[in-house]
Each structure stands twice: as C-alpha cells, then as structure tokens.
Amino acid sequence: MSGIKTAMGIQMLEQVRLKVKDLPEVIELIDGHGHTTFKVKDKSFIMMSDYGITFKSDLENQEILLQQEQFFKPAYIGHRGWVSIHNPKDWDEMGVLLKEAYMRAAPKRLLKLFM
C-alpha cells in the first residue's frame with residue numbers, strides 16, 4: 001500500500017477531507033491499488049492519487065463536466081459516469097461535486113440524515 005505522498009496530493013487530500021468531513025458514515029482507506037478512497041456503506045464515491053481526484057457521477061452530469069477543460073473521463077470506470085480532475089482550482093465547486101458523489105453512493109436512510 002502506498003497512498004498519497006506528493007505535496008500537491010497531500011494538499012488535495014486535505015481539501016477533500018474538509019469537504020466530506022460532515023457527511024454521515026464516510027470512511028477513508030487506501031485500496032489495493034494504493035489509491036486513497038472514500039466510501040459510504042462499502043460503496044466508493046471518491047478515489048484519489050497524487051495525480052488527481054476521481055469521483056462518482058452519472059452519465060448526464062459527466063457529459064456536462066467533460067465540456068470543461070479541467071475534467072476528463074477516467075479509464076476503466078469512465079463509462080459508468082465517473083469523472084476525474086488533476087488539480088482542482090475551485091474548491092467550492094469541488095465541494096458540491098463531491099457531495100453529489102456521496103449522494104449517489106449513500107443509502108436512502110443516510111440521505112435523510114444529510115438533507
């Protein structure tokens with residue numbers, strides 16, 4: 001297991017932690033590929049490495065996000081709507097996107113607590 005090691009990666013990880021800290025039952029772990037992964041009830045909604053952030057979305061929102069230069073479709077899971085970004089500049093926007101990712105993964109009973 002490796003995890004995030006670069007200064008840029010650590011800075012992104014700190015920002016992501018701030019954005020998800022109040023979401024119910026979120027766990028952070030390092031997966032078998034060395035990615036820092038955020039899950040709710042065994043469902044991933046954010047995966048990170050030193051190179052960027054990949055988050056759960058749907059195909060419709062993915063299409064809209066991919067029209068912006070900073071977003072791209074990740075290999076292997078992009079066909080399911082996931083979206084990646086290398087180095088986010090707008091953390092307010094990322095906060096909204098990460099909370100939406102959480103809402104796509106969380107069970108309904110947790111969404112009731114969140115809303």
Side-chain angles (χ1 to χ4, degrees):
M1 296 207 280
S2 61
I4 294 176
K5 294 183 168 88
T6 66
M8 184 180 86
I10 292 167
Q11 181 183 21
M12 285 189 300
L13 179 58
E14 289 171 356
Q15 287 292 326
V16 169
R17 284 175 176 157
L18 284 173
K19 299 300 179 188
V20 303
K21 70 180 171 89
D22 294 327
L23 300 175
E25 298 186 32
V26 171
I27 61 164
E28 176 184 337
L29 55 90
I30 298 175
D31 69 15
H33 299 286
H35 300 117
T36 299
T37 302
F38 292 83
K39 292 185 171 196
V40 58
K41 289 295 177 191
D42 294 323
K43 291 188 179 182
S44 299
F45 67 99
I46 303 170
M47 293 182 282
M48 297 183 63
S49 71
D50 284 313
Y51 305 106
I53 303 167
T54 300
F55 56 94
K56 189 172 186 71
S57 189
D58 60 27
L59 293 172
E60 184 178 315
N61 285 329
Q62 179 195 56
E63 187 176 324
I64 293 166
L65 290 172
L66 293 179
Q67 293 174 15
Q68 299 177 47
E69 188 175 297
Q70 70 266 26
F71 296 103
F72 62 97
K73 186 187 290 191
Y76 307 112
I77 57 175
H79 67 283
R80 293 190 176 138
W82 286 69
V83 178
S84 291
I85 185 168
H86 282 301
N87 187 13
K89 304 291 185 235
D90 184 346
W91 282 102
D92 289 334
E93 176 186 32
M94 284 305 299
V96 170
L97 294 171
L98 298 178
K99 286 177 183 166
E100 287 175 358
Y102 170 86
M103 293 169 65
R104 286 181 173 83
K108 289 179 182 171
R109 72 169 181 81
L110 286 180
L111 291 178
K112 289 177 185 176
L113 296 174
F114 176 64
M115 298 178 133

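Atoms CD and CE, on Q11 and M8 in that order, are 9.0 Å from each other to the nearest 0.5 Å. To the nearest 0.5 Å, atoms CD1 (I30) and OG (S49) are separated by 12.0 Å. Atom CD1 in I46 sits 13.0 Å away from atom NZ in K39 (nearest 0.5 Å). For the atom pair CZ of R80 and CG of L59, the computed distance is 11.0 Å after rounding to the nearest 0.5 Å.
Looking at E28 and L13, their side chains come closer than 4.5 Å, going by heavy atoms from C-beta outward. Residues Q70 and P88 fail the side-chain proximity criterion, which asks for heavy atoms closer than 4.5 Å. A 4.5 Å side-chain heavy-atom check between T54 and I77 finds at least one atom pair inside the cut-off.
The shortest heavy-atom contact between K19 and G95 is CD-CA, 3.7 Å. Nearest approach of I4 to D50, heavy atoms of both residues: CG2-OD1, 3.1 Å. Nearest heavy-atom pair across S57 and N61 is OG-CB, 3.4 Å. Nearest approach of D31 to H33, heavy atoms of both residues: OD1-N, 2.9 Å. Summarising the geometry of S44 relative to T37, their closest heavy-atom pair is OG-CG2, 3.4 Å, with the distance given to 0.1 Å. Nearest heavy atom pair, residue A105 against residue K56, reads CB-CD, 4.1 Å.
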Handout entry: Verdict with supporting geometry, L23 and F38, side chain to side chain contact (heavy atoms under 4.5 Å, CB included)
Key = CA-CA 11 Å; L23 300 175; F38 292 83; over 6 Å; no

Handout entry: Derivation and outcome, side chain to side chain contact (heavy atoms under 4.5 Å, CB included), residues L65 and L97
Key = CA-CA 10 Å; L65 290 172; L97 294 171; 4.0 Å; yes

Problem - Residue pair M94, I85: steps toward the side chain to side chain contact (heavy atoms under 4.5 Å, CB included) verdict - result: CA-CA 10 Å; M94 284 305 299; I85 185 168; 4.0 Å; yes

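Taking a 4.5 Å side-chain heavy-atom cut-off between Ile, Leu, Val, Met, Phe, Trp and Tyr, the cluster of L29 extends to I27.
Considering only residues two or more places apart in sequence or on other chains, K41 meets the side chain to side chain contact (heavy atoms under 4.5 Å, CB included) condition with E25, P107, R109, L110.
A donor-acceptor contact shorter than 3.5 Å links the side chain of Y102 to the backbone of P24.
Put simply, Y51 and L66 are part of two different groups of oily side chains (I, L, V, M, F, W, Y) that touch within less than 4.5 Å, one to the next. Two different hydrophobic clusters hold I53 and L18 under the rule that ILVMFWY side chains link at heavy-atom gaps under 4.5 Å. Using a 4.5 Å cut-off between side-chain heavy atoms of Ile, Leu, Val, Met, Phe, Trp and Tyr, with links allowed through other members, V20 and V40 fall into the same hydrophobic cluster.
Applying the ring pair (Phe, Tyr, Trp, His ring centres under 6.0 Å) test to residues at least two apart or on different chains, the pairs with a partner in residues 52-96 are F72-H86.
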